[in-house]
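What follows is a single structure, written as structure tokens, with notes after it.
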Number of protein chains: 2
Amino acid sequence: MRILVVDDDRDIVESISLFLSAEGYSVLKAFNGLEALEKLNENTVHLMILDIMMPQLDGIKTLMKLRQSRNIPVILLSAKSEDADKILGLTAGADDYVTKPFNPSELVARVRSQLRRYTSLGSIEKEKNYIVTGGLAIDTESKTVKLDGEKVRLTPIEYKILELLAKNKGRVLSADEIYRKVWNEESVVGDNTIAVHVRHIREKIEINPKEPRYLKVVWGIGYKLD
Amino acid sequence: MRILVVDDDRDIVESISLFLSAEGYSVLKAFNGLEALEKLNENTVHLMILDIMMPQLDGIKTLMKLRQSRNIPVILLSAKSEDADKILGLTAGADDYVTKPFNPSELVARVRSQLRRYTSLGSIEKEKNYIVTGGLAIDTESKTVKLDGEKVRLTPIEYKILELLAKNKGRVLSADEIYRKVWNEESVVGDNTIAVHVRHIREKIEINPKEPRYLKVVWGIGYKLD
DNA sequence: CATCGACCACCAGTATCCTCATGCTTTTTC
DNA sequence: GAAAAAGCATGAGGATACTGGTGGTCGATG
């Protein structure tokens with residue numbers, strides 16, 4: 001079990017780490033929100049202890065960012081014990097909330113408790129990467145696409161094109177660009193292959209292909225998703 | 001399924017939106033009662049999450065206003081857990097009542113539950129949106145336009161422009177404004193694209209395009225429908 | 001091995017969109 | 001009230017995108 005400890009106060013990070021590793025947990029450290037998100041991307045992390053007041057990117061924002069793609073337990077740490085902060089934290093998706101100063105043993109107990117619940121639920125399997133746009137949810141892990149909860153069957157190429165557009169949500173990609181990225185080779189001039197695939201995707205993800213809600217054309221430029 | 005989230009605390013709106021969109025729901029946001037009512041008019045909304053304590057127009061008043069014309073499920077959100085408030089809210093027409101702080105997953109579960117009940121009752125069929133102006137009837141659900149009972153074939157852009165004008169019946173919209181709303185991007189100067197589309201629309205919905213009955217020009221300002 | 005179905009590429013015809021040039025109408029200016 | 005300016009309407013054509021259909025490839029199936 002690997003735990004990420006995030007606080008801008010290095011002494012606190014060190015002391016928490018000490019207690020956790022004494023319990024047999026593997027510990028990663030970060031000292032602001034951005035750093036935390038980096039570590040999360042680069043490592044398998046099972047739980048995060050997160051301070052709220054931090055420079056760069058505060059705890060709440062970090063948490064919200066995290067929750068866009070992942071579901072691991074997060075214990076918030078804060079000096080404020082006011083209800084409003086607690087509410088905000090829990091609403092933003094925290095699993096627990098501990099106010100400073102705290103008893104290290106209590107923190108460890110809470111960590112154990114969260115991990116127990118988390119692993120027992122088999123959620124560890126569910127660590128996935130989602131890209132969401134309106135009612136369209138793309139799971140880049142299992143390569144599946146859901147529309148308003150309904151699974152949509154796309155062919156491999158269709159999926160690749162959609163994922164590419166989803167990863168560049170809002171940005172317009174020309175047919176050429178799409179061809180290069182999906183096929184990994186130069187496109188031929190006078191080819192409307194992309195257009196045909198776009199039509200097929202639309203037939204599957206748009207209610208009314210004439211009025212695309214998601215996959216839109218930008219005249220003379222290319223396609224975009226938004 | 002589109003959900004409107006209303007709270008004056010932007011952080012809360014953001015976090016709720018996050019959880020909902022991860023579930024594949026399309027989300028709209030508003031930060032006070034008036035704004036909420038506007039969004040409700042301009043969009044097809046299937047459920048609303050509504051905070052009670054808000055400036056401008058509070059949640060209860062907003063709810064009562066809404067209930068004069070529509071029947072979608074509404075989940076009230078409040079910091080107060082007193083029975084009196086709960087009763088007041090439910091009496092005013094709310095379908096559920098959640099007190100802060102709440103567990104996001106619980107809220108999502110309640111949303112799902114309300115939507116299930118709502119859609120299973122077939123109420124969603126009744127939420128058809130018609131805009132009628134004289135002999136002109138626009139069905140925003142099927143994106144079709146009828147003129148004196150006859151179906152009119154409009155191209156997607158033509159339809160969008162007409163729908164936009166219809167939703168703002170009587171109000172004058174400048175070419176710029178129309179461009180921004182329909183294309184979702186800034187307009188270019190010295191462009192008479194809108195004028196051309198307006199002509200095409202007129203050719204289809206007006207008997208005598210020279211003397212428009214519906215789509216009228218307001219000199220120096222823009223176009224309007226009435 | 002033959003058959004079938006899924007998937008993909010390509011083509012040609014059609015629809016849609018935008019631009020340009022120009023004519024017309026209203027407003028402003030003198 | 002006439003000329004100038006500004007705003008809108010019109011017609012036509014080229015560029016771009018969409019659509020339906022055809023044929024080819026490939027792997028699965030019997």
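Chain letters run A, B, ... following the sequence lines, proteins first and then strands; every chain starts at 1. Values reported hereafter were calculated over all heavy atoms of this structure, with side chains retained and with hydrogens, waters and symmetry mates removed.
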Whole angstrom is fine here: how far is it from CD in Glu211(A) over to P in dT16(C)?
-> 12 Å
Atom pairs, N/O to N/O, protein against nucleotides 15-19 of chain D, distance under 3.5 Å?
from, atom 1, to, atom 2, distance (Å)
dT16(D), O3', Gly220(A), N, 3.4
dA17(D), OP1, Gly220(A), N, 3.4
dC18(D), OP1, Arg202(A), NH1, 2.7
dC18(D), OP1, Arg202(A), NH2, 3.4
dC18(D), OP2, Tyr223(A), OH, 2.5
dT19(D), O4, Asn192(A), OD1, 3.0

Show me the donor-acceptor pairs within less than 3.5 Å that the side chains of residues 32-39 of chain B make with the rest of the protein, sequence neighbours left out.
from, atom 1, to, atom 2, distance (Å)
Asn32(B), OD1, Leu34(B), N, 3.0
Asn32(B), OD1, Glu35(B), N, 2.8
Glu35(B), OE1, Phe31(B), N, 3.3

Glu186(B) side-chain N/O to Arg180(B) backbone N/O, donor-acceptor pair under 3.5 Å = no
Integer-rounded Å distance: dG5(C) P and Arg153(A) CZ | 14 Å
Just wondering, are more than 12 heavy atoms of other shown residues or ligands nearer than 6.0 Å to CD in Glu211(B)?
-> no
Using whole Å, report how far CD of Glu185(B) lies from C1' of dC17(C).
-> 13 Å
Under 4.0 angstrom between Thr155(A) side-chain N/O and dA6(C) OP1 or OP2 = no
According to a strict under-4.0 Å criterion, is His197(A) in side-chain N/O contact with OP1 or OP2 of dA9(C)?
-> yes
Could you check how far CD1 of Ile178(B) sits from P of dG7(D), rounded to whole Å?
-> 16 Å
Give the rounded distance in Å between these two atoms: CG of Leu215(B) and C1' of dC8(D).
-> 13 Å
Trp183(B) vs Tyr179(B) aromatic rings, parallel, tilted or perpendicular, using cut-offs 30° and 60°?
-> parallel
Is there a side-chain contact between Asp58(A) and Lys61(A), using heavy atoms and a 4.5 Å cut-off?
-> yes
Look at the side-chain N and O atoms of Trp183(A) and state whether any lies under 4.0 Å from the OP1 or OP2 oxygen of dA9(C).
-> yes
Whole-Å distance separating the CD1 atom of Ile201(B) from the P atom of dC8(D) = 16 Å
Does Thr193(A) place a side-chain N or O at less than 4.0 Å from the phosphate oxygens OP1/OP2 of dA9(C)?
-> no
Please name the residue in the list Asp95(B), Leu66(B), Leu47(B) that meets the side-chain contact (heavy atoms from CB on, under 4.5 Å) test with Ile72(B).
-> Leu66(B)
Atom-pair distance (NZ on Lys160(A); P on dA9(C)), nearest Å = 11 Å
Do Tyr223(A) and Val172(A) have side chains that get closer than 4.5 Å, going by heavy atoms?
-> no
Atom-pair distance (CD1 on Ile161(A); P on dC7(C)), nearest Å = 14 Å
